[in-house]
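To keep things clear, I will list the structure first and then write my remarks on it.
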Amino acid sequence: MGKNKDDRIIEELEEFVSEHKKEFIDRVLHRRTRHLTLVFEDIEKPHNINAVLRTAECMGIQDIHFIQNNKGFEINTSITQGAAKWLSFYTHPSPESVENCYNKLRNEGYAIYATSLHETSISINDIDPGIKTAIVFGTESDGISKEAGEKADGFVHIPMQGFTESYNLSVSAALCLNTLMQKLEAGFPPISTEEQKCLKAEWYRRIVREADLILKKRGVVL
């Protein structure tokens, strides 16, 4: 049986990757997860979402979704400290941005929780960490849209003890991630072997200079 595209990419590029980097990538891959994902509906304060990306990557999260009803988003590498290089982004533009995002997540087995102080909202502490979960965050001024709330499977909030009713976006995302991570003693379930191979091929292409040119010269069809 012939090698698939990911095998070929890894085989052709690995000579350009140091042994230390290879070991580091393999170690990270074994801790990567798609058990939990974060969804951001419109972006009001880009510096906060960039901080979230750095935190999410550090915690082993792979996938980040962006629902773009009205606002786009640009990555600030000085804030993410290179974290965006290792993440997978999914953008859902209008129209039907919420519907398309939620359909994709449900098809992948996620339960969808929108962050809100809605009367039916449950604490992040009460989310079952054994279920694949997508946490949806809205803007810091207006929160989630009506549609994002109505079409979610439920609402979730972070318990607070003071007068202020909300944390900023980067802190909220970090607290949600840490809370769910701490509830699973063994950590989030890792991605599959095939998914690890796919990501390794993708990461090799990102870190090897002129990787696509090298692959083209060696007959690898991308």
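- Counted within 6.0 Å of NZ on Lys216, heavy atoms from surrounding residues, nucleotides or ligands total 12 or fewer; the atom is thus considered open.
- Hydrophobic clustering of Ile, Leu, Val, Met, Phe, Trp and Tyr side chains at less than 4.5 Å, counting indirect connections, keeps Leu117 apart from Val136.
- Two residues are said to be in side-chain contact when any heavy atoms from C-beta on lie closer than 4.5 Å; Cys101 and Val39 meet this criterion.
- Ile191 and Leu87 end up in different hydrophobic clusters when Ile, Leu, Val, Met, Phe, Trp and Tyr side chains are linked at under 4.5 Å.
- The distance from the CZ atom of Arg32 to the OG atom of Ser88 is 8.5 Å, given to the nearest 0.5 Å.
- In this structure, the side chain of Lys183 engages the main chain of Ile127 through a donor-acceptor pair within 3.5 Å.
- Under the 4.5 Å side-chain criterion, counting only non-hydrogen atoms from C-beta, Phe40 is in contact with Ile64.
- Ile10 CD1 to Ile25 CD1: the interatomic distance, rounded to the nearest 0.5 Å, is 9.5 Å.
- Between the side chain of His157 and the main chain of Ile122, a donor-acceptor pair closer than 3.5 Å is present.
- Counting heavy atoms from C-beta on, the side chains of Ser172 and Thr115 never come closer than 4.5 Å.
- The nearest pair of heavy atoms linking Ala211 to Tyr204 is CB-O, 4.4 Å.
- Residues Glu140 and Asn48 have side chains that bring a donor and an acceptor to within less than 3.5 angstrom of each other.
- A salt bridge links Glu12 with Arg8: at least one charged nitrogen is closer than 4.0 Å to a carboxylate oxygen.
- Here the closest heavy-atom approach between residue Thr133 and residue Leu36 is recorded as O-CD1, 3.1 Å.
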Trace of the salt bridge (charged side-chain N to carboxylate O under 4.0 Å, His left out) decision for Lys197 with Asp6: CA-CA 7 Å; Lys197 184 189 299 181; Asp6 292 332; over 6 Å; no

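- Atom CD1 of Ile207 is separated from atom CZ of Phe16 by 12.0 Å, given to the nearest 0.5 angstrom.
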Residues Ile214, Val208; criterion side-chain contact (heavy atoms from CB on, under 4.5 Å); working and verdict: CA-CA 9 Å; Ile214 293 171; Val208 174; 4.1 Å; yes

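- Within the 4.5 Å cutoff, no side-chain heavy atoms of Thr91 are placed close to those of Ile67.
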side-chain contact (heavy atoms from CB on, under 4.5 Å) between Leu169 and Phe137, worked out: CA-CA 8 Å; Leu169 180 62; Phe137 297 86; 3.6 Å; yes

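- When every heavy atom of Ala111 is checked against every heavy atom of Ile131, the shortest pair comes out as CB-CG2, 4.1 Å.
- Between atom CD1 of residue Ile158 and atom CG of residue Leu175 there is a gap of 5.0 Å, rounded to the nearest 0.5 Å.
- Partners of Arg31 according to the side chain to side chain donor-acceptor pair (under 3.5 Å) rule, which considers only residues two or more places apart in sequence or in another chain, do not exist here.
- One finds a salt bridge joining Asp153 and Arg106 here, because a Lys/Arg side-chain nitrogen approaches an Asp/Glu carboxylate oxygen to under 4.0 Å.
- Closest approach of Leu38 to Ala56, counting heavy atoms only: CD1-CB, 4.3 Å.
- Between the side chains of Thr193 and Gln196, no donor-acceptor pair is found at a separation under 3.5 Å.
- Note: Asp7 CG to Glu11 CD = 8.0 Å, rounded to the nearest 0.5 Å.
- Side-chain contact, Ser97 with Gln68: no donor N or O sits under 3.5 Å from an acceptor N or O.
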Full working for side-chain contact (heavy atoms from CB on, under 4.5 Å) between Thr55 and Cys58: CA-CA 5 Å; Thr55 299; Cys58 285; 5.7 Å; no

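- Rounding to the nearest 0.5 Å gives a distance of 15.0 Å between CG of Leu53 and NZ of Lys85.
- Judged by distance alone, the side chain of Glu195 and the main-chain N or O of Ser192 form a donor-acceptor pair under 3.5 Å.
- Between the side chains of Glu41 and Ser145, at least one donor N or O sits under 3.5 Å from an acceptor N or O.
- A parallel orientation is assigned to the rings of His65 and His92, their planes being inclined by less than 30° (bins at 30° and 60°).
- Note: the hydrophobic cluster containing Leu29 does not contain Phe188 (ILVMFWY, side chain heavy atoms under 4.5 Å, direct or indirect links).
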CA sep, side-chain torsions, deciding dist, call: Asn103, Glu99, side-chain contact (heavy atoms from CB on, under 4.5 Å): CA-CA 6 Å; Asn103 284 342; Glu99 185 77 17; 3.6 Å; yes

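- The shortest heavy-atom contact between Ala148 and Val98 is CA-CG1, 3.9 Å.
- In the hydrophobic clustering of ILVMFWY residues, with side-chain heavy atoms under 4.5 Å counting as a link, Met181 and Tyr113 come out together.
- Under the 6.0 Å distance and 45° angle rule, Lys132 counts as a cation-pi partner of Tyr110.
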Salt bridge (charged side-chain N to carboxylate O under 4.0 Å, His left out) between Glu15 and Arg218, worked out: CA-CA 13 Å; Glu15 66 182 90; Arg218 298 187 179 187; 2.9 Å; yes

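- Residues Ser116 and Ser121 fail the side-chain proximity criterion, which asks for heavy atoms closer than 4.5 Å.
- Residues Leu199 and Ile61 fall into different hydrophobic clusters, defined by Ile, Leu, Val, Met, Phe, Trp and Tyr side chains chained together at heavy-atom separations under 4.5 Å.
- Minimum heavy-atom separation, Trp86 to Gln62: O-NE2, 3.0 Å.
- Dense packing is recorded around CZ of Arg206, with more than 12 heavy atoms of other residues, nucleotides or ligands lying under 6.0 Å away.
- Using a 4.0 Å cut-off between a side-chain N of Lys or Arg and a carboxylate O of Asp or Glu, Arg205 and Glu202 do not qualify as a salt bridge.
- In this model, no donor atom of one side chain and acceptor atom of the other lie less than 3.5 Å apart for Thr33 and His35.
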